[in-house]
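The model shown is predicted, which means the values in this text are computed figures rather than measured ones. Naming: A, B, ... by sequence-line order, numbering from 1 per chain.
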Number of protein chains: 2
Amino acid sequence: MTSTPLSRSAAKDLTRRKLIRAALAILDEEGEAGLTTVKVAKAAGIAQSSFYVHFKDMQELLRVLAEEGGRRLRHSMREARRAAREAPGDLERHRDTFRIPLEAVCRHPELLRIQLRARHDPSSSLRDFAKETAAAYREHHAADLAALGYTADDEHGRRRLEMIADGINAATNALAIGHLEGRYPDLDEAADILVALSRGALRLLRSGSGRDEGPRPPGPDGPERHDQL
Amino acid sequence: MTSTPLSRSAAKDLTRRKLIRAALAILDEEGEAGLTTVKVAKAAGIAQSSFYVHFKDMQELLRVLAEEGGRRLRHSMREARRAAREAPGDLERHRDTFRIPLEAVCRHPELLRIQLRARHDPSSSLRDFAKETAAAYREHHAADLAALGYTADDEHGRRRLEMIADGINAATNALAIGHLEGRYPDLDEAADILVALSRGALRLLRSGSGRDEGPRPPGPDGPERHDQL
DNA sequence: AATTTCACCGATAGTACTATCGGTGAAATT
DNA sequence: AATTTCACCGATAGTACTATCGGTGAAATT
């Protein structure tokens, strides 16, 4: 139990990490309003005034938190895309396209919640972080669509792709939250729902670039294409 | 420009409404963190201390705000459902099922934003309001599905319906926000996306109560059923 | 061994906000 | 006309938090 004495810089670094960890926990449990130098410092085991040895002010801590969180999420997402590419069959890959982002998001529940909150809070310092994260998710889905050959050439088509990515993204987050709250215990089931929703969107894209033409006879369409996303 | 002198109670009522209106504006512009008795009272044109003539504390004002907001949103939603029932053709009714909730939500942008924020904020006093609102939306969509005969009898089926309603609801909010931010100028286009997403979900429901069976040959299914939601 | 650096400490001034209190004048009641 | 009520006011005590400052002792450097 006797710990080797740390060098000064190593000790400082440890304290800094404790502060960040404490801040993240408080942010998740009490929200941005509950995040004070008093609470963070106390939770990290140092005096309130010592907070300023590590950060200029709470702003700066939040900025660091956002950077760190962004890095973690992007890493999760990259992993997810890599794993999805390596999935065995077409069917598995299909569901994985949605299950893996779901899992990535669920792996950092506090970041997800913080992001969803900050997204629409004008007073939040994490708003940019939230917007960037949302944009990254949108790109993820947009890339999936592009990989299937659904590229948009006109304004209307681009907007349509963006709306679909936006909608699927929102649904992904909603199902992830539901999973974290215990309402949807099985992520595979959630992934199936996302697969189904996206299939509807693909049918729309296939139906041409114009407005929804109404009742479209569900004739035979390319089966391999039908199954990719 | 000479205003008739108001009775004492009428004047008090007017001030109260001014406070509520001011609070709503501040809440929307600066978030819950920016909502103080100082700002609200000043914006309503009275002294800070007079705030307490109308409300016990900020908690109570927030409670009133939530009740009022909830009432407004429920009213909007009822109107929406009524209008959807009265829509002319099947096709129009189909799109209206989604366009009208979109419009209802967009009619009270500040309530939408406040709701989305409060939803995941543990420190928010409006969390219950947000949860109730989300539940109301879910019921709206669940009712639509039930009207089409998609009733669930087992645990798995019920959860599936709930997930679909949850997902569509999240997508609706996301597209509404996009519309309010100017990214999706045309609500009809947004409604088309929602129609498409929901069609995918319906196909999943029609495919049976088991897991997603994978590539399902898009054979002819009942066209009128296909077009209802 | 002497000196310097620096992570951390307690104390504290400053800021922002809440919520109470006594006072005031016009409306309402008698 | 006399009295009471009450919406609103300014002043202010109390609370919570921020951010600075001088001090301290152990690590780092000389």
A.B. asks: A:R99 and A:D96: salt bridge (charged side-chain N to carboxylate O under 4.0 Å, His left out), yes or no, with the steps?
C.D. replies: CA-CA 5 Å; A:R99 205 196 60 220; A:D96 278 4; 3.3 Å; yes
A.B. asks: Ignoring backbone atoms, establish whether A:S50 has a side-chain N or O less than 4.0 Å from OP1 or OP2 of C:dA7.
C.D. replies: no
A.B. asks: Could you tell me whether the side chain of A:I114 reaches within less than 4.5 Å of the side chain of A:L65, counting heavy atoms only?
C.D. replies: no
A.B. asks: How about A:H156 and B:E189: do any of their side-chain heavy atoms sit closer than 4.5 Å?
C.D. replies: yes
A.B. asks: Could you check if a side-chain atom of A:H75 sits within less than 4.5 angstrom of a side-chain atom of A:M77, using non-hydrogen atoms only?
C.D. replies: no
A.B. asks: Please tabulate, one pair per line, all N/O donor-acceptor pairs under 3.5 Å involving side-chain atoms of residues 163-181 of chain B, not counting sequence neighbours.
C.D. replies:
residue: B:D166; atom: OD1; partner: B:R138; partner atom: NH1; Å: 3.4
residue: B:D166; atom: OD2; partner: A:R183; partner atom: NH1; Å: 3.4
residue: B:D166; atom: OD2; partner: A:Y184; partner atom: OH; Å: 2.6
residue: B:T172; atom: OG1; partner: B:I168; partner atom: O; Å: 2.7
residue: B:H179; atom: ND1; partner: B:Y184; partner atom: O; Å: 2.7
residue: B:H179; atom: ND1; partner: B:P185; partner atom: O; Å: 3.4
residue: B:E181; atom: OE1; partner: B:R183; partner atom: NE; Å: 3.3
residue: B:E181; atom: OE1; partner: B:R183; partner atom: NH2; Å: 2.8

A.B. asks: In whole angstrom, give the distance that lies between atom CZ of A:R16 and atom C1' of C:dC6.
C.D. replies: 16 Å
A.B. asks: Identify, with sequence neighbours excluded, every residue that meets ring-ring contact (aromatic ring centres under 6.0 Å, His included) alongside B:Y137.
C.D. replies: none
A.B. asks: Round to a whole Å and report the spacing from CD1 of B:I46 to P of D:dC9.
C.D. replies: 6 Å
A.B. asks: Quick one, give me the B/S/- string for nucleotides 15-28 of chain D, reading 5' to 3', where B means a protein heavy atom under 4.0 Å from the base and S means that only happens at the primed atoms, P, OP1 or OP2.
C.D. replies: --SBBB-----BBS
A.B. asks: Quick one: which of D:dG10, C:dC8, D:dA7 gets closest to the side chain of B:V53?
C.D. replies: D:dA7
A.B. asks: Stem list for DNA chain C, please, built from Watson-Crick and G-U wobble pairs under 3.5 Å and keeping only runs of at least 3.
C.D. replies: C:1-30 with D:1-30
A.B. asks: Charged N to carboxylate O under 4.0 angstrom, B:R71 versus B:E67?
C.D. replies: no
A.B. asks: With side chains defined as the heavy atoms from C-beta onward, is the minimum distance between B:E29 and B:E110 less than 4.5 Å?
C.D. replies: no
A.B. asks: Strictly by side chain to side chain donor-acceptor pair (under 3.5 Å), give each pair with a member in residues 40-50 of chain B just once, sequence neighbours left out.
C.D. replies: B:T37-B:Q48
A.B. asks: Please state how far atom CG in B:D13 lies from atom C1' in D:dC8, giving the value in whole angstrom units.
C.D. replies: 16 Å
A.B. asks: At a heavy-atom distance below 4.0 Å, what parts of residues 61-68 of chain A sit against DNA chain C?
C.D. replies: none
A.B. asks: Just wondering, do A:L112 and A:H108 contact through their side chains at under 4.5 Å, heavy atoms?
C.D. replies: no
A.B. asks: Tell me, with the steps shown, if B:R159 and B:E162 meet salt bridge (charged side-chain N to carboxylate O under 4.0 Å, His left out).
C.D. replies: CA-CA 5 Å; B:R159 200 158 51 222; B:E162 197 188 329; over 6 Å; no
